[in-house]
Chemist: 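Let me begin by handing over the structure; questions about it come next.
Bear in mind the structure is a predicted one, so any value in this text is a computation, not a measurement. Chain naming here is simple, since letters A, B, ... match the order of the sequence lines and numbering starts at 1 in each.
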Amino acid sequence: MTKGWQEFYKGIHHKKESGQQKMPEKIRTRFAPSPTGFLHIGGARTALFNWLYARHNDGQFILRIEDTDQVRSTAESTGAILNALLWLGLNWDEGPFFQTERGEIYREAVERFVDEGKAYYCICTPEELEEKRKRALAERRKPRYDGTCRERDLARTAGSAVRFRCPQAGITIVNDLIRGPISFNNEELDDLVIERCDGWPTYNFAVVVDDVQMDITHVIRGDDHLSNTPRQILLYEAMGAAVPQFAHVPMILGADKARLSKRHGATSVTAYREMGYLPEALVNYLVRLGWSHGDQEIFSKEELIHLFTLEAVGKSAAVFNPEKLLWLNQRYIKTYPEERLVDTMKPFWEMRGLDTSDREFTGKIVADLRGRVKTLTEMADAGEFYFNDAIVYDSDAAEKFLKPEFTGHLRAVMEKVPLLQDYTKNGIEGFLRELAEERGVKLKSIAQPLRVALTGKTVSPGIDEVMITLGKERVVKRLKRALEHIESQNL
RNA sequence: GCCCUCAUCGUCUAGUGGUCUAGGACAUCAGCCUUUCAAGCUGGAGAUCAGGGGUUCGAAUCCCCUUGGGGGCACCA
């Protein structure tokens, strides 16, 4: 793990509103991703719920990176995940903590378990285990460790692992905040490995050790972890630690009701960012997947913090619906603070090699377009024509509207624009209407050729808005060029 | 196979025994508006509340079964 990342992100903390004293039972939640890829939509929602729950209760949100899988964990993933969280506005109060930096803590915990007889060394090889597992499945039994080494009282050796001595009878009840009490038969559980032969702890053990040590009071996570919970509870109890509250949120599915994955399309937060989604829109969409507040659809972050409770989280899995997200994004683009929207747009145009240094100009462009696009990339595409007077005409559009029959209209506009006194939306519209009347044609026959001349396309913001944003000079220049184009096509 | 879990319009959901001939939103359809495209506005269609049994004067709401979906069953997290 690269130190640079860790140091950088450790500085980012949630600012305390005031210095009020907190009682020890202060609520503490955490998000604990494993850095084996980008931040997934489902992970983002889990993080969001944890964050909201902490903020709602004036508690703390802790970030922990579960990177004990040395093979699959990468520093790039860690960076991508942290950036995605920050982009969504999910700031953390403590961390990020890296499990690979906490090896000592787990080793001590394991040692204590062994000393107290709560765990034992196991020398079964992965191959043997795999074979037994297959056999069990073939014989239609639930695969579980058969306890070969349980009573052998082995000592630590080169390839040995450590297993938890799991109670073999009785029941364990998970009191889930979303689903209510769920009971598991301890017979279903087996002696899980808590320390691998490489010396690192396994997931189930590390989470428990960490959650205890970090004073996590509420574990909010995907319900794919539900069946891990009883064995974790057993570990808490073996440690003599308080068991936290659990809340298992339902999964997010694809359109075919299968677990959401790449084949359903974009599933990473970063991908949505790149596709031109606003973080507020994504947050709003994600929170409504499983959580609701009456009929309300649009929520500001402040409202969410105020309204969010676990009681209002549903139990059933939700299908990810990109179209509704798109609708929300459109709404947010429409209502976003102007300055922020202009800032957010900048990189999208710069990526296309366009010059965004004239902020007043880009501001006008954004104002023209924000009401008619669903994403920022769409806005970038739709606004590209503003930046270069040497526009490329869409071939169908030019064929239809850059024809000699419109030359007169275009020339008239070109000649009169510099003389216009009232160069405003109303003024321009009035001018065009008058001109249409004068020339005995419908407004449309002037507006469309004009649109193509100025934008290169038949689809654009209102022609009056385009003219204002472009300014008289550019308008004249583009009209001149269009007229030349018509001429050159009809020699 | 075993264990756990979920089940209201295509989708997200409201609904916690009577106010439900089930509400909202996205998508969809039609109309209006109109200088293009959107947006906006108005209206429509769309769920016998998975199916079957109970409990109750009364059930989308409570119980049971069935079916279907999802998750888990690693020295991955």
Side-chain angles (χ1 to χ4, degrees), chain A residues 32-36 66-69 71-73 99 122 124-126 129-130 133 136-145 159-163 174 176 179 182-185 187-190 192-204 206-207 222-230 248 250-251 253 255 257-259 285 288-298 314-328 330 334 369-374 378 382 397 401 429 432-433 436 442-448 450-452 455 457-464:
Chain A
S34 70
T36 53
E66 312 220 322
D67 54 353
T68 56
D69 184 340
V71 182
R72 297 194 302 150
S73 299
Q99 290 189 324
C122 170
C124 296
T125 64
L129 261 16
E130 180 59 22
R133 207 174 70 87
L137 241 22
E139 288 168 15
R140 304 180 155 189
R141 287 182 291 110
K142 183 179 173 113
R144 57 197 295 283
Y145 181 60
S160 65
V162 181
R163 283 184 188 271
V174 179
D176 194 89
R179 289 153 204 276
I182 302 161
S183 104
F184 292 83
N185 232 316
E187 292 161 25
E188 298 294 333
L189 281 19
D190 63 355
L192 71 155
V193 169
I194 58 176
E195 186 180 286
R196 301 193 294 242
C197 65
D198 65 4
W200 285 102
T202 53
Y203 164 74
N204 281 113
V207 243
D223 74 7
D224 47 338
H225 288 281
L226 190 51
S227 48
N228 283 323
T229 310
H248 289 94
M251 309 245 75
L253 276 22
K257 304 255 184 186
R259 191 186 188 133
Y285 179 70
R288 284 285 291 102
L289 237 37
W291 177 86
S292 61
H293 180 71
D295 285 340
Q296 194 172 339
E297 293 287 351
I298 311 285
K315 297 179 190 175
S316 46
V319 173
F320 184 77
N321 181 354
E323 303 211 296
K324 188 162 181 182
L325 168 58
L326 202 55
W327 170 75
L328 273 164
Q330 178 182 58
K334 219 182 294 182
L369 293 165
R370 64 186 304 169
R372 46 208 349 135
V373 297
K374 290 176 165 35
E378 202 185 312
F401 294 108
E429 191 180 341
L432 290 175
R433 286 194 188 284
K442 282 188 177 174
L443 179 54
K444 220 176 210 174
S445 343
I446 294 182
Q448 280 307 78
L450 182 55
R451 189 185 312 283
V452 177
T455 72
K457 295 170 292 190
T458 52
V459 173
S460 82
I463 198 65
D464 42 8

Chemist: Counting C-beta onward and ignoring hydrogens, is there a side-chain heavy-atom pair between Leu226(A) and Arg179(A) closer than 4.5 Å?
Modeler: yes
Chemist: Distance check: side-chain N/O of Ser292(A) vs OP1/OP2 of rA14(B), anything under 4.0 Å?
Modeler: yes
Chemist: Answer yes or no: is there a side-chain heavy-atom contact under 4.5 Å between Gln448(A) and Ile463(A)?
Modeler: no
Chemist: Counting any heavy atom closer than 4.0 Å, what does Leu129(A) reach on the DNA or RNA strands: base, sugar-phosphate only, or nothing?
Modeler: base
Chemist: Can you find a side chain N or O atom of Lys334(A) that sits less than 4.0 Å from OP1 or OP2 on rG40(B)?
Modeler: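 For Lys334(A), the contact criterion (side-chain N or O under 4.0 Å from OP1 or OP2 of rG40(B)) is met.
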Chemist: Check this one for me: any side-chain N or O of Arg72(A) less than 4.0 Å away from OP1 or OP2 of rA77(B)?
Modeler: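 Checking Arg72(A) against rA77(B): no side-chain N or O falls below 4.0 Å of OP1 or OP2.
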Chemist: Can you find a pair of side-chain heavy atoms, one from Arg372(A) and one from Pro461(A), that are under 4.5 Å apart?
Modeler: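 Yes - at least one pair of side-chain heavy atoms lies under 4.5 Å apart.
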Chemist: Let me know, please, whether Phe184(A) or Asp464(A) comes out on the 5' side of the other along RNA chain B by nearest nucleotide.
Modeler: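 Nearest-nucleotide comparison on RNA chain B picks Phe184(A).
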Chemist: On a whole-Å scale, what distance lies between the C1' atoms belonging to rG10(B) and rA50(B)?
Modeler: 16 Å
Chemist: Measuring from the side chain of Lys257(A) (C-beta onward, heavy atoms only), which nucleotide among rA38(B), rU36(B), rG69(B) has the closest atom?
Modeler: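 Shortest atom-to-atom distance from the side chain points to rG69(B).
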Chemist: Could you let me know what rC75(B) is paired to, Watson-Crick or G-U wobble, both distances under 3.5 Å, or none if it's on its own?
Modeler: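 Pairing partner: none.
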Chemist: Counting any heavy atom closer than 4.0 Å, what does Glu297(A) reach on the DNA or RNA strands: base, sugar-phosphate only, or nothing?
Modeler: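 Counting heavy atoms under 4.0 Å across all strands, the contact made by Glu297(A) includes a base.
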Chemist: Under 4.0 Å, heavy atoms only, any strand: does Asp190(A) hit a base, just the sugar-phosphate, or nothing?
Modeler: nothing
Chemist: Among rG70(B), rU11(B), rC75(B), which nucleotide has an atom closest to any side-chain atom of Pro126(A)?
Modeler: rC75(B)
Chemist: What's the closest nucleotide to the side chain of Asp224(A) if the choices are rU5(B), rG72(B), rG1(B)?
Modeler: rG72(B)
Chemist: Would you measure the distance from the C1' atom in rA30(B) across to the matching atom in rG46(B) and give it in whole Å?
Modeler: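 Between the two C1' atoms, the distance is 15 Å.
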Chemist: Start with the C-alpha gap between Arg144(A) and Glu188(A), add the side-chain angles, then the distance that decides, and say whether side-chain contact (heavy atoms from CB on, under 4.5 Å) holds.
Modeler: CA-CA 8 Å; Arg144(A) 57 197 295 283; Glu188(A) 298 294 333; over 6 Å; no
Chemist: Write down the partner of rA38(B) under the Watson-Crick or G-U wobble criteria, each distance required to be under 3.5 Å.
Modeler: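 Checking every strand shown, rA38(B) finds no partner, since no pair has both distances under 3.5 Å.
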Chemist: Which is true for Glu195(A) with a 4.0 Å heavy-atom rule: it touches a base, it touches only sugar-phosphate, or it touches nothing?
Modeler: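 Since no nucleic acid heavy atom lies under 4.0 Å of Glu195(A), the category is nothing.
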Chemist: Which of the following nucleotides, rU5(B), rU36(B), rU35(B), is nearest to the side chain of Arg372(A)?
Modeler: rU36(B)
Chemist: What's the closest nucleotide to the Met251(A) side chain, out of rU36(B), rG71(B), rA77(B)?
Modeler: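 Shortest atom-to-atom distance from the side chain points to rG71(B).
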Chemist: If you define the side chain from C-beta out and look only at heavy atoms, does anything of Arg370(A) sit under 4.5 Å from Lys334(A)?
Modeler: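 No; the side chains remain at least 4.5 Å from each other.
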Chemist: So what does Pro461(A) touch, heavy atoms closer than 4.0 Å: a base, only the sugar-phosphate, or nothing?
Modeler: base
Chemist: Contact class for His225(A) (heavy atom, under 4.0 Å): base, sugar-phosphate, or nothing?
Modeler: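 If one applies the 4.0 Å heavy-atom cut-off, His225(A) turns out to touch a base.
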Chemist: What is the nucleic acid contact for Thr202(A), judged by heavy atoms within less than 4.0 Å: base, sugar-phosphate only, or nothing?
Modeler: sugar-phosphate
Chemist: Roughly how many Å apart are rU34(B) and rA27(B), using the C1' atom of each and rounding to a whole number?
Modeler: 24 Å
Chemist: For Leu289(A), which contact category applies under a 4.0 Å heavy-atom criterion: base, sugar-phosphate, or nothing?
Modeler: sugar-phosphate
Chemist: Might you point out which heavy atoms bring Pro201(A) and Ala206(A) nearest each other, and give the distance in Å?
Modeler: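 Heavy atoms only, the tightest pair is CG-CB, 3.9 Å.
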Chemist: Using atom P of each nucleotide, how far apart are rU61(B) and rC6(B) to the nearest Å?
Modeler: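 Rounded to whole Å, the distance is 15 Å.
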Chemist: For Ser316(A), report the nucleic acid contact type (base, sugar-phosphate, nothing); a contact means any heavy atom under 4.0 Å.
Modeler: sugar-phosphate
Chemist: When the C1' atoms of rG23(B) and rG68(B) are considered, how many whole Å apart are they?
Modeler: 27 Å
Chemist: For the C1' atoms, the ones on rA60(B) and on rC49(B), what distance do you get once it is rounded to whole angstrom?
Modeler: 4 Å
Chemist: Of all the choices, rU5(B), rC2(B), rU36(B), which nucleotide is nearest to the side chain of Ile182(A) once you look at every atom?
Modeler: rU5(B)
Chemist: Of all the choices, rU36(B), rA77(B), rG1(B), which nucleotide is nearest to the side chain of Pro143(A) once you look at every atom?
Modeler: rG1(B)
Chemist: Here's a test of your reading of the structure: between Pro33(A) and Glu429(A), which maps to the more 5' nucleotide of RNA chain B?
Modeler: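 Going by which nucleotide is closer to the 5' end, it is Glu429(A).
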Chemist: Could you tell me whether the phosphate oxygens of rG72(B), OP1 or OP2, come under 4.0 Å of any side-chain nitrogen or oxygen in Arg144(A)?
Modeler: no
Chemist: What does rU28(B) pair with, Watson-Crick or G-U, if both distances are under 3.5 Å?
Modeler: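 Looking at the geometry, rU28(B) pairs with rG44(B).
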Chemist: The side chain of Arg433(A) is closest to which nucleotide in this list: rU34(B), rA74(B), rU11(B)?
Modeler: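 Out of rU34(B), rA74(B), rU11(B), the nucleotide with an atom closest to Arg433(A)'s side chain is rU34(B).
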Chemist: Does a distance-only test, which skips hydrogens and angles, find a donor-acceptor pair under 3.5 Å between the side chain of Asp295(A) and the base of rG23(B)?
Modeler: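 Looking at the base of rG23(B), it does pair with a donor or acceptor on the side chain of Asp295(A) (distance under 3.5 Å).
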Chemist: Could you measure between the two C1' atoms, the one in rA14(B) and the one in rC57(B), and give it in whole Å?
Modeler: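 Each nucleotide's C1' atom is 27 Å from the other's.
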Chemist: Hey, is the side chain of Arg179(A) pairing donor to acceptor with the base of rU5(B) inside 3.5 Å?
Modeler: no
Chemist: Are Leu189(A) and Pro230(A) side-chain neighbours, meaning at least one heavy-atom pair lies under 4.5 Å?
Modeler: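 Leu189(A) reaches Pro230(A) side chain to side chain.
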Chemist: Between Arg288(A) and rA25(B), is there a contact of a side-chain N or O with OP1 or OP2 at under 4.0 Å?
Modeler: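 Result: no.
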Chemist: Taking only N and O in the side chain of Lys324(A), is any of them less than 4.0 Å away from OP1 or OP2 of rU13(B)?
Modeler: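 It does not, given that no N or O in the side chain of Lys324(A) lies less than 4.0 Å from OP1 or OP2 of rU13(B).
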Chemist: Give me the distance, rounded to whole Å, that separates rU28(B) from rC12(B) when you measure between the C1' atoms they each carry.
Modeler: 16 Å
Chemist: Among the nucleotides rU36(B), rC76(B), rC2(B), which one has an atom lying closest to any side-chain atom of Lys444(A)?
Modeler: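 Out of rU36(B), rC76(B), rC2(B), the nucleotide with an atom closest to Lys444(A)'s side chain is rU36(B).
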Chemist: Checking all strands, does Cys124(A) fall into the base, sugar-phosphate, or nothing category for heavy-atom contacts under 4.0 angstrom?
Modeler: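 The answer is base, as Cys124(A) lies within the cut-off (heavy atoms under 4.0 Å) of a base atom.
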Chemist: May I ask you to say what Ala318(A) touches in the nucleic acid, namely base, sugar-phosphate or nothing, with a heavy-atom cut-off under 4.0 Å?
Modeler: sugar-phosphate
Chemist: Grab the two heavy atoms, one from Ser73(A) and one from Asp67(A), that are nearest each other, plus how far apart they are.
Modeler: OG-CA, 3.4 Å
Chemist: Report yes if at least one side-chain N or O of Thr455(A) is closer than 4.0 Å to OP1 or OP2 of rU36(B); otherwise report no.
Modeler: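 Checking Thr455(A) against rU36(B): no side-chain N or O falls below 4.0 Å of OP1 or OP2.
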Chemist: Tell me, please, whether Tyr145(A) has Arg163(A) positioned over its six-membered ring: NZ or CZ under 6.0 Å from the ring centre and within 45 degrees of its axis?
Modeler: yes
Chemist: What's Gly290(A) touching, base or sugar-phosphate or nothing? Going by heavy atoms closer than 4.0 Å.
Modeler: sugar-phosphate
